[in-house]
**Student:** 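Starting off with a structure, shown below.
First listed ligand is number 1; within each ligand, the first listed atom is number 1. Computed from a predicted model, the values in this text were never measured in an experiment.
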Amino acid sequence: MTTNTDTPHPADIPNSTEAQRVRIFDTTLRDGEQSPGAAMTFEEKLEVADYLDAMGVDIIEAGFPIASQGDFDAVAEIARRVENATVCGLSRAGFKDIDRAAAALKQAKRPRIHTFISTSPVHMKHKLNMGANAVLDAVGASVSHARKLVDDVQWSAEDATRTEHDFLCRCVELAIRSGATTINIPDTVGYATPQEFFELITMLLNRVPNIDKAVIATHCHNDLGLAVANSLAGVLAGARQIECTINGIGERAGNAALEEIVMALKVRKDRMPFLTGIDTTMLSRASKLVSNVTGFPVQYNKAIVGKNAFSHESGIHQDGMLKNVETYEIMRPETVGVKETSLVLGKLSGRHAFRDKLALLGYELTDAAFEDAFRRFKALADKKKTVFDDDIVALVDDEIVRAADFISVKALRVSTGVGIAPTAAMTLLVEGEEKTAEVSGDGAVDAIFNVIREIYPHTVNLQLYQVKAVTEGTDAQADVSIRLEEDGRTVTGRGADTDTLVASAYAYVNALNKLLVKRRKQAPETLNVAQ
Ligand code: KIV
Ligand code: ZN
């Protein structure tokens, strides 16, 4: 490992695959899910974990088992089902936290306990109310205890970038001596600059005597928009694990974005000669999956996965692209799984063509789900002149989202216009029983939400109502996301249809269904209709 303060030239890095291998530690399900409004249901977490595993993520941080029974259950189920990745559970330094993490990871093929404590003066004084010696004692005790339960222990110095260097070195040395095999250096508040972060990792490599016994990890937050740059600077200095999240979701401004890290390493291997195990063709779909389950939209100009990341609007650029794609393109869209937008199927397309298209888009549906999706595709093709790949993705994702619903929309009629009080008449199927009502509202969408509350009384806060067009044109499908909150539990519902009002009804009912699942898991007796 290079330990001087200059950026090592690629030729300085030993030419072995292992020395060049950077492990990708995904914390979408822990740090990502921790960000306000990004809560995922149990089933959504499993879907994300399965996808991360298939994509080649090395370590999946599945949650914080002591935080709640829901977190514990999700970590335990992810630990049980994940085939390839190491599954990691977070814990503070207390033995109770560590034991809970170990219990959740019991069935993992490759379990890792990640224990952390703050080491910066400001955190030790105001958050922990602990002195330096007490923190050192906690580091030794927590890591030793975790190491009795699993072989793979990661220790993090929370707020490492604002920690005094001498003290950080002592903590890191002790953590390794106590059995930590990975040492994580978080820029918890997103304060570091790339040069500074490079120097911090270099300092640890130069000064901690047993540092060669552990892998150094980066965990950079994005408060100054530097999370990816800082993580890469850490790797150039000698770190070999990067902690990141899909779409960069996470506390406040988020974490380093996995897709940006992976593609920067792939596209610029001339300057950063490192390898990851990620199948980059799965990145675009990973981004859509996480955006769908959290309801967090991906900004249009987001690097790698934004809608515009590979579009060329200006005449000069389009002309250049037609002559040679390398004029304005540093990576092919297919590399990240973006396929040419194609005019796919029409209303005359049959089951065979539809099944082929689903396979191409990466879907494997059961026969019943396929039949449902095909019926909805036919209905869509009747309403919409052109059906694109994105339409099919929205339609099938919507089908998957609504598959296990207790409540579903049977019929909806909305009257609205100038000088008319908007009203919505709706029939819902509530666990198989038809219920109908008609109610007015401040607008058509408000009337729809009111009529749902009339038929199925409940009290929730509507935190987000968001409409996106799936493709271009006035006949485009609307993709509606809704976030509901009840007693601190949040859920995100989605619905897609060529009619925005119908999509809104689907999205609200989908969110309500998820809330019912959460209520049922936490307290079966509260499942009765709210008064
Ligand atoms: O940002 C941070 O410091 C963390 C730690 C728990 C690793 O998320
Ligand atoms: Zn963090």
Side-chain angles (χ1 to χ4, degrees), residues 23-36 38 58-68 71 75 86-94 97-98 100-101 104 112-124 126-128 130 135 138-139 142-143 146 152-163 167-168 171-172 175 180-192 196-197 200-201 204 214-228 230-231 234 239 241-258 261 290 294:
R23 282 181 172 67
I24 297 296
F25 176 115
D26 180 279
T27 183
T28 304
L29 295 171
R30 200 278 297 169
D31 216 327
E33 215 241 353
Q34 225 165 284
S35 55
D58 298 286
I59 303 113
I60 298 172
E61 187 162 55
F64 193 177
I66 203 155
S68 68
D71 251 45
V75 175
T86 293
V87 178
C88 177
L90 183 70
S91 73
R92 289 165 297 188
D97 274 46
I98 296 169
R100 196 85 178 123
R112 173 180 293 190
I113 293 178
H114 175 191
T115 179
F116 73 98
I117 192 164
S118 296
T119 52
S120 67
V122 62
H123 275 220
M124 289 195 298
H126 298 290
K127 184 180 136 178
L128 299 178
M130 282 165 85
V135 168
V139 172
S142 57
V143 175
D152 185 350
V153 174
Q154 168 168 329
W155 178 76
S156 288
E158 191 184 1
D159 206 16
T161 49
R162 294 192 298 171
T163 298
F167 185 61
L168 186 61
C171 290
V172 170
T181 41
T182 303
I183 295 294
N184 182 30
I185 304 300
D187 184 23
T188 303
V189 289
Y191 181 68
E196 192 181 12
F197 200 72
L200 181 64
I201 302 298
L204 290 169
V215 171
I216 299 187
T218 68
H219 176 107
C220 298
H221 279 270
N222 205 30
D223 300 65
L224 293 174
L226 293 171
V228 169
N230 287 340
S231 307
Q241 175 178 300
I242 300 182
E243 307 203 355
C244 44
T245 58
I246 302 291
N247 297 336
I249 65 168
E251 286 277 4
R252 307 180 309 279
N255 291 58
L258 181 148
I261 298 274
V290 170
T294 56

**Student:** May I ask you to check if any N/O/S atom from Glu251 comes under 2.8 Å of the Zn ion (ligand 2)?
**Tutor:**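 For Glu251, the answer is no, given that no N, O or S atom comes within less than 2.8 Å of the Zn ion (ligand 2).
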**Student:** Nearest 0.5 angstrom please: Ile246 CD1 to Asn255 CG, how far?
**Tutor:**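 Here the rounded value is 11.5 Å.
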**Student:** Quick one: report the N, O or S atom of His221 that is nearest to the Zn ion (ligand 2).
**Tutor:**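 Atom name of the closest N, O or S in His221: NE2.
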**Student:** Output the distance between atom CG (Asn222) and atom OG (Ser231), rounded to the nearest 0.5 Å.
**Tutor:**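 It is 9.0 Å, given to the nearest 0.5 Å.
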**Student:** If I compare all heavy atoms of Arg252 with all of Thr188, which pair ends up nearest, and what's the gap?
**Tutor:**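 Of all heavy-atom pairs spanning Arg252 and Thr188, the closest is NH2-O, 2.7 Å.
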**Student:** Thr86 and side chain to side chain contact (heavy atoms under 4.5 Å, CB included): which partner among Arg112, Arg23, Glu61?
**Tutor:**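 By the side chain to side chain contact (heavy atoms under 4.5 Å, CB included) criterion, Thr86 pairs with just one of Arg112, Arg23, Glu61: Arg112.
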**Student:** Does the side chain of Phe167 reach to within under 4.5 Å of the side chain of Pro121, using non-hydrogen atoms?
**Tutor:**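 No - every pair of side-chain heavy atoms lies 4.5 Å or more apart.
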**Student:** Below 4.0 Å from any atom of ligand 1, which residues have a heavy atom? Give them in chain and number order, please.
**Tutor:**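 Within 4.0 Å of ligand 1, the protein residues are Arg30, Asp31, His114, Phe116, Ser156, Glu158, Asn184, Pro186, Thr188, His219, His221.
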**Student:** Can you tell me the angle formed at the Zn ion (ligand 2) by NE2 of His219 and OD2 of Asp31, to 10°?
**Tutor:**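 With the Zn ion (ligand 2) as the vertex, NE2 (His219) and OD2 (Asp31) sit 90° apart.
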**Student:** Glu33 and side chain to side chain contact (heavy atoms under 4.5 Å, CB included): which single residue from Thr294, Val290, Asp71 fits?
**Tutor:**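 The passing option is Asp71.
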**Student:** Apply side chain to side chain donor-acceptor pair (under 3.5 Å) to residues Gln154 and Glu243 and explain how you reach the verdict.
**Tutor:** CA-CA 12 Å; Gln154 168 168 329; Glu243 307 203 355; 2.6 Å; yes
